[in-house]
Amino acid sequence: MRIRRCAIVFLEPREDVAFDFGSLLSGGAGLRRDRRWLALAAHLDGQVEVDAGERERLGEFGPVAWSEYDPGSPDAGTTLRLLETGLLIAEDDARWSAHRQRDEAVRDAHWWPPAALAHRLARWQGLDSAAAMEAGGLSTAAGLRDKLGAPPTHAVERVGAGQRQALPRIADGDFDRLLARRTTCRNFDAARALPQALFAQMLQRVFAARAQVRIEDDTVFVKKNTPSAGGLHPTEAYLIVQNVEGVAPGLYHYHSLDHALEPLPAPDRPLAEFAAAALAGQHWFADAHAMAVLAPRYARCFWKYRRHPKAYRALVLDSGHLSQTLYLSATELGLGAFVTSAINEVDIEQAFGLDPLIEGPLAISGFGWRGERMRTSEFDPTEEVWIKAPEQP
Ligand SMILES: Cc1cc2nc3c(=O)[nH]c(=O)nc-3n(C[C@H](O)[C@H](O)[C@H](O)COP(=O)(O)O)c2cc1C
């Protein structure tokens, strides 16, 4: 059997601090500090605690060249344990073929190693972030100020007022008025279905290809309404459709060339429950008529930007641009829109059948009719969207 180390692994000397009553009684600080070494690997779901022997043994293997396994060596037990955890990879042994497949997938995608790890570790599962914020008193601006103190300044000044060059203020045009009306919607009208034409127009504007440029039969670039790093447009739209006329509620993939919906199997729980879970409990978004999970195909971006330190950043920017196109498109059509990166990626991956390092979600951007009553606050200080009722005499 031949073995090598997995493609992407980092070792962290982790310190966990816990309350320790015994330490308090004996005059200490009342804290216990436990230190351990953790191996964090891009192809594994969990972290792996390693002892000093395993740590050293792992360092004896390279990620590319294969070495022959020697069952008679004094290190054989340590090597086997590293194979079991997936930190070492066997070339062709059925016992550990799942680890090998996962590792191969990471290799084939050409991830820059720190980005692969950051992406994998930042994912949530089953988290209710809304409840956590509310419990911590962090769900209002006043609560944030109270708990965290003042934030860094809202506007930076690098020179004194006298040294600034004043610029002319240009009168608002139609586009300025559109920009001014864009306000994150946290109050959707669940009682009113979205007409199919509006839904289709939104998808066409935000995700459809306008043209294809064929370099070779296997190498095609598409033109869309939003910029994309390298012109690669790797970000797919996976849809949660809840309330659209003529479209059965459910999960879909959007086909950007055909401008068509590809139905996918239903999630493992009622759709509304899944939508709320995907949004990590943010109930103020959960009634949106349609939501797009923004999920880049990492290998398409990293085909050009191989193991590139900026490539993951470019994908995050791509999703940001898509969400802005979605916001503005919705605003122009009289709809509300939102974006959030506070999502339960693992629940979403499981529902849509996505592998996080191949095609994992970064954000959800949704749209639909805004409700008539504001139940959750929106940031509309200039009253572009919500007109205050006149004060009673
Ligand atoms: C990357 C990103 C992530 C966001 N995540 C959340 C979120 O998790 N929950 C939420 O209620 N709003 C979220 N928002 C919306 C912001 O809170 C909102 O843009 C901000 O309060 C300013 O309000 P406005 O969009 O109406 O101008 C997010 C916005 C961006 C750009």
Side-chain angles (χ1 to χ4, degrees), residues 118-119 122-145 148 151-155 172 175-188 206 226-229 235 237 240 275-289 291-296 312-348 360-371 374-388:
H119 175 64
R123 289 151 60 246
W124 289 347
Q125 180 172 23
L127 194 90
D128 190 335
S129 74
M133 299 270 286
E134 275 155 23
L138 299 173
S139 53
T140 63
L144 284 166
R145 170 65 181 81
L148 306 177
T153 182
H154 59 290
D172 277 357
F175 186 60
D176 304 277
R177 283 187 280 276
L178 172 67
L179 290 172
R181 289 201 306 278
R182 185 215 53 79
T183 294
T184 297
C185 180
R186 297 193 182 86
N187 299 278
F188 288 97
V206 185
T226 302
S228 169
T235 304
I240 305 171
L279 292 162
Q282 298 184 84
H283 46 83
W284 49 87
F285 291 148
D287 285 338
H289 300 67
M291 298 179 221
V293 174
L294 305 179
Y312 185 68
R313 188 187 299 183
L315 288 172
V316 174
L317 288 168
D318 271 17
S319 278
H321 288 119
L322 283 168
S323 82
Q324 175 71 342
T325 303
L326 187 145
Y327 261 102
L328 292 181
S329 300
T331 306
E332 199 271 340
L333 293 172
L335 303 174
F338 72 87
V339 66
T340 176
S341 49
I343 58 175
N344 277 313
E345 290 86 350
V346 177
D347 300 80
I348 297 168
L362 290 185
I364 295 182
S365 200
F367 56 91
W369 293 123
R370 194 178 243 110
M374 197 196 290
R375 288 156 291 142
T376 303
S377 65
E378 296 186 11
F379 193 47
D380 183 30
T382 51
E383 298 178 12
E384 299 286 340
V385 179
W386 296 93
I387 310 296
K388 262 192 206 142

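Order of appearance sets the numbers: ligands from 1, and atoms from 1 within every ligand.
Considering only non-hydrogen protein atoms, atom 25 (O) of ligand 1 sits nearest to Thr184 OG1, 2.5 Å. Here the protein heavy atom with the shortest distance to atom 22 (C) of ligand 1 is Phe379 CD2, 4.1 Å. Atom 14 (N) of ligand 1 has Val339 O, 3.4 Å as its closest protein atom, hydrogens excluded (heavy atom only). Considering only non-hydrogen protein atoms, atom 8 (O) of ligand 1 sits nearest to Thr340 OG1, 2.7 Å.
Between atom CZ of residue Arg145 and atom CG of residue Leu138 there is a gap of 13.5 Å, rounded to the nearest 0.5 Å.
The nearest pair of heavy atoms linking Arg182 to Gln324 is CD-OE1, 3.7 Å. The two residues Gly366 and Leu326 have their closest heavy-atom pair at O-CD2, 3.6 Å.
Interface of Arg182 with ligand 1, defined as ligand atoms under 4.0 Å from a residue heavy atom, comprises 24 (P), 25 (O), 27 (O). Each of the atoms 8 (O) of ligand 1 lies under 4.0 Å from some heavy atom of Ala342.
Of the heavy atoms in Phe338, none comes closer than 4.0 Å to ligand 1. Within the 4.0 Å heavy-atom criterion, the part of Arg186 lying near ligand 1 is the side chain and not the backbone.
Contact check for Thr183 versus Arg370: side-chain heavy atoms found under the 4.5 Å cut-off.
Here's the thing with Tyr327: none of its N/O atoms is less than 3.5 angstrom from an N/O atom of ligand 1. Considering backbone and side-chain N/O of Gln282, one or more are found under 3.5 Å from N/O of ligand 1.
In this structure, the side chain of Arg177 engages the main chain of Asp172 through a donor-acceptor pair within 3.5 Å. Looking only at distances, a side-chain donor or acceptor of Ser129 sits under 3.5 Å from a matching main-chain atom of Ala280. The closest donor-acceptor contact from the side chain of Asn187 to the backbone of Arg375 lies under 3.5 Å.
Atom 20 (C) of ligand 1 is never approached by the protein to below 4.0 angstrom, counting heavy atoms only.
Ring geometry, Phe285 versus Phe338: the interplanar angle falls under 30°, so the pair is classed parallel (tilted spans 30 to 60°).
Residue-ligand proximity: Glu378 is placed with every non-hydrogen atom at 4.0 Å or more from ligand 1.
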